[in-house]
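Worksheet for the structure shown next.
To find a chain, count down the sequence lines: A is the first, B the second, and so on, and within it residues start at 1.
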2 protein chains.
Amino acid sequence: MSSEQTPETGGKSLFSLQRRERLMEELRAHGAITVRDIAAKLGVSELTIRRDVNTLADEGLVSRVHGGATLPSPLDRSVAVGRPSPHSYSIGMVVPSLDYYWPQVISGARGEAEVQNLRILVRGSAYDAADNRRQVQALLDTQNIDGLIVAPDMGGAHGKELLRWLNALPIPVVMAERRAPLEIPSHRLEWVATDHSFGAGMAVRHLWQEGHRMIGCLTDSTSPTSPHVVRGWKQALAALKIPLDASIHEDSAKLDNGDRAKHFDHVLELCRTSGTTAMLVHSDTQAVAFVQHCVDKGVDVPGSMAIVGYDDEVAYLAEPAISAVRPPKSYVGKVAVQLMAARLAEGRMRPVHRIDLNPELIVRDSSLGAPVLPTDSVLEESL
Amino acid sequence: MSSEQTPETGGKSLFSLQRRERLMEELRAHGAITVRDIAAKLGVSELTIRRDVNTLADEGLVSRVHGGATLPSPLDRSVAVGRPSPHSYSIGMVVPSLDYYWPQVISGARGEAEVQNLRILVRGSAYDAADNRRQVQALLDTQNIDGLIVAPDMGGAHGKELLRWLNALPIPVVMAERRAPLEIPSHRLEWVATDHSFGAGMAVRHLWQEGHRMIGCLTDSTSPTSPHVVRGWKQALAALKIPLDASIHEDSAKLDNGDRAKHFDHVLELCRTSGTTAMLVHSDTQAVAFVQHCVDKGVDVPGSMAIVGYDDEVAYLAEPAISAVRPPKSYVGKVAVQLMAARLAEGRMRPVHRIDLNPELIVRDSSLGAPVLPTDSVLEESL
DNA sequence: TCTGAAACGTTCAAACTCGAACAAATGAGA
DNA sequence: TCTCATTTGTTCGAGTTTGAACGTTTCAGA
């Protein structure tokens, strides 16, 4: 039977139906899968996944290829069963990355598009307004889309201009994980976004409940999520009557990897002098790096430093496994498509919708238990 | 929640119904169950649970898999799983009034409940937290509701206590036209509300576009909508670089009808001295009264004073007909039911949703055209 | 064209689950 | 009190799922 060590399933066996659901999620997220990767990820044999792929291919849900499967292809003549009727509408989807975070949004979107009988065309872009616009224009020019789902970069003058342009497009636009600032005309734009300030607040309250009384925040302000995380952290401190000016907030934007170790040393020193025993760290990759740094310096996690990450993309891979705030990425994609489908069906009669989704806190080893008060000598020695 | 015929019609043991409810609770909590675990947990044979699973699968509530059951899966082809056909939930709905504004919310809710095959029980209450709680408790005690839609009064200590109580109820709660403040624990509450600050902003921008350069605001702070309207008015003034401290904001809370005429005179005098040629008036009833007062005093509407109301309940009845911001009341009710239906179907897997709906500006006679600059003598004569 | 690595398909076994058949217990109604 | 229907439990043969082993096929690179 299956391996008990696989991180993805947390040691739990999935039923075959759930395994095929996961397989479809991965396929929608990435467009193609290999039998080997999925078997490793789900902790089962390649033969089992191969059987699953065959079953799904027989149902017309995937196109089987050597070594794996792809989303159903019009070139695939092996299936005769389950071909959907012609799509009612086409929607374009432009995301800033096809890695880290966005594949699950795409997977949710593709799954819902299937349910709603919509054709969806996904394009990867960058955290760059000019490139976003180029990709959108390409979809408009070549694909005849009826609606657009986009996660635009909104920084700087280019970003603001992009929003005005999106607001003026002749087709409906839904933003995923973005909210237009008040000062930009955006009355036609709909959006669905994770409430990151709520997520940060949840992490702070969790750490407070575990006994921490000084809780810091380490962010990366190159990320559009960062301001929301900081706002939630501040609001939660205020609600708990923790003085903000005594609390650590550091940012690692624009640091090279070499500088980052020094910066982490600096953060640990600030923690020591301020009595901070817990940190909310955005994003997950930085949390993993910070945990590793702590361990390298002999700072016990969570005994001397409790850590909560953000995004829950790789937090589980660390040793110890890191607690994390997990945005409902799949739902973001799904709800974006639902908004679009309703807009296309109902037109102007329907009021503009703007939706916040709450994340979930996944508690793992890195934040369990009350702080073990460190003696100064332990931290001195580790620095 | 009963998926079978009620016990009083005989033939079904109450225990078997309760067992299936427990089974469904476990399923919604975990996404999947094994026959073995549930049989052990409930102290019955695996065959009994297997029979239950078969029954629930036949009703479309679960997907049966080898060894157990999962939540209904799109990959499950054995039954039409999209909509559980016989199953119906009851939801309670408590609104502060059965007049003015709320009938359309109720209508939207009832329509959608019909579409979703839900039983909906509506109770009128008051703008009073204690009465709200009494009505909710009555529904819980006597009607066996599975979910609650409510527009609670959140003012004062009673209001905050009501929110905490609603957050802790064992059934899902959706708020209509309400948002919990940050400081109250409300992580389970979902809501759909009109974005009144956006609405107020829209009205200000409309008046600006008609040529008005000083735009005041007249509110009634006994209404929960009022703070949002004021915030939107302020934000829009800021965006248009209209100085806030030179702009008129008056409130008519706590005035008797007799005092209101004097207050309106006072407002008109402030307009005259400040050069204000347009007013956003919340709510509609106050806008109608203000327009009538202006006409009585010889102040030409919209020539000397342009007016936009709020709520669009009676604005069209006035002479001249009054422009108004119209919240999408029917959609508020409809979306509240959609949130509840999805919550009941999906359980904890679904993230908490919070939805803003944008209102619409209905332009009528009362705000058309540029201001005709009034001579002082005309206004002197009218006072 | 040839070769080696990777992937695939078949067969068989192990482990687990299913459900038919039958029996026992319980409750409702005559 | 009796009868019938319903619910629940036990037994055991049949069915399902998964993985190991091994032979076959496919693909990429020399």
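- Taking atom CG on A:L14 and atom P on D:dT18, their separation rounds to 10 Å, with Å as the unit.
- Counting only residues at least two apart or on different chains, the salt bridge (charged side-chain N to carboxylate O under 4.0 Å, His left out) pairs with a member in residues 38-50 of chain B are B:E26-B:K41, B:E46-B:R50.
- Contact annotation: B:T48 does not reach the phosphate of D:dT8 (side-chain N/O to OP1 or OP2, under 4.0 Å).
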Validation: residues 103-111 of chain A side-chain donor-acceptor distances under 3.5 Å, sequence neighbours left out:
from: A:Q104; atom 1: NE2; to: A:E313; atom 2: OE2; distance (Å): 3.1
from: A:S107; atom 1: OG; to: A:E25; atom 2: O; distance (Å): 2.8
from: A:R110; atom 1: NH1; to: A:R28; atom 2: O; distance (Å): 2.4

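- Scored by the salt bridge (charged side-chain N to carboxylate O under 4.0 Å, His left out) test, B:E346 finds B:R350 as partners (sequence neighbours excluded).
- Scored by the salt bridge (charged side-chain N to carboxylate O under 4.0 Å, His left out) test, A:R134 finds A:D131 as partners (sequence neighbours excluded).
- Between B:I49 atom CD1 and D:dT10 atom P there is a gap of 13 Å when expressed in whole angstrom units.
- Atom CD1 of B:I33 is separated from atom P of C:dT17 by 13 Å (rounded to the nearest Å).
- Listed here is the closest heavy atom pair of A:P359 and A:Y310: CG-OH, 4.3 Å.
- Helix-axis bend for the helix from C:dT1-D:dA30 to C:dA30-D:dT1: the local axis fitted to the five terminal pairs at one end deviates from that at the other end by 40°, rounded to 10°.
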Return all side-chain donor-acceptor pairs below 3.5 angstrom for residues 32-39 of chain A, not counting sequence neighbours, or 'none' if the list is empty.
from: A:T34; atom 1: OG1; to: A:D37; atom 2: N; distance (Å): 3.1
from: A:T34; atom 1: OG1; to: A:D37; atom 2: OD2; distance (Å): 3.2

For nucleotides 22-26 of chain C, give me every protein contact, N/O to N/O, under 3.5 Å, one pair per line with atom names.
none

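- In terms of the side chain to side chain contact (heavy atoms under 4.5 Å, CB included) criterion, B:H66 has no residue partners (sequence neighbours excluded).
- We find that CG of B:L42 is positioned 15 Å from C1' of D:dG9, with the value rounded to whole Å.
- Applying the side chain to side chain donor-acceptor pair (under 3.5 Å) rule to A:Q143 yields the partners A:R119; only residues at least two apart in sequence or on another chain are considered.
- In this structure, A:R123 has no salt bridge (charged side-chain N to carboxylate O under 4.0 Å, His left out) partners at least two apart in sequence or on a different chain.
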Pairs: protein N or O with nucleotides 2-8 of chain C N or O, under 3.5 Å:
from: C:dA7; atom 1: OP2; to: A:R36; atom 2: NE; distance (Å): 3.4
from: C:dA7; atom 1: OP2; to: A:R36; atom 2: NH2; distance (Å): 2.5
from: C:dA7; atom 1: O3'; to: A:G67; atom 2: N; distance (Å): 3.1
from: C:dC8; atom 1: OP1; to: A:G67; atom 2: N; distance (Å): 2.6
from: C:dC8; atom 1: OP2; to: A:R50; atom 2: NE; distance (Å): 2.6
from: C:dC8; atom 1: OP2; to: A:R50; atom 2: NH2; distance (Å): 2.7
from: C:dC8; atom 1: O5'; to: A:R50; atom 2: NE; distance (Å): 3.4

### From CA spacing to verdict: salt bridge (Lys or Arg N to Asp or Glu O under 4.0 Å), B:D52, B:R19
CA-CA 9 Å; B:D52 286 342; B:R19 193 178 58 238; 2.6 Å; yes

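- With sequence neighbours excluded, no residue satisfies salt bridge (charged side-chain N to carboxylate O under 4.0 Å, His left out) with A:D284.
- B:L47 places its CG atom 15 Å from the P atom of D:dC12, with the value rounded to the nearest Å.
- As a whole-Å value, the separation of A:D52 CG from D:dT16 P is 16 Å.
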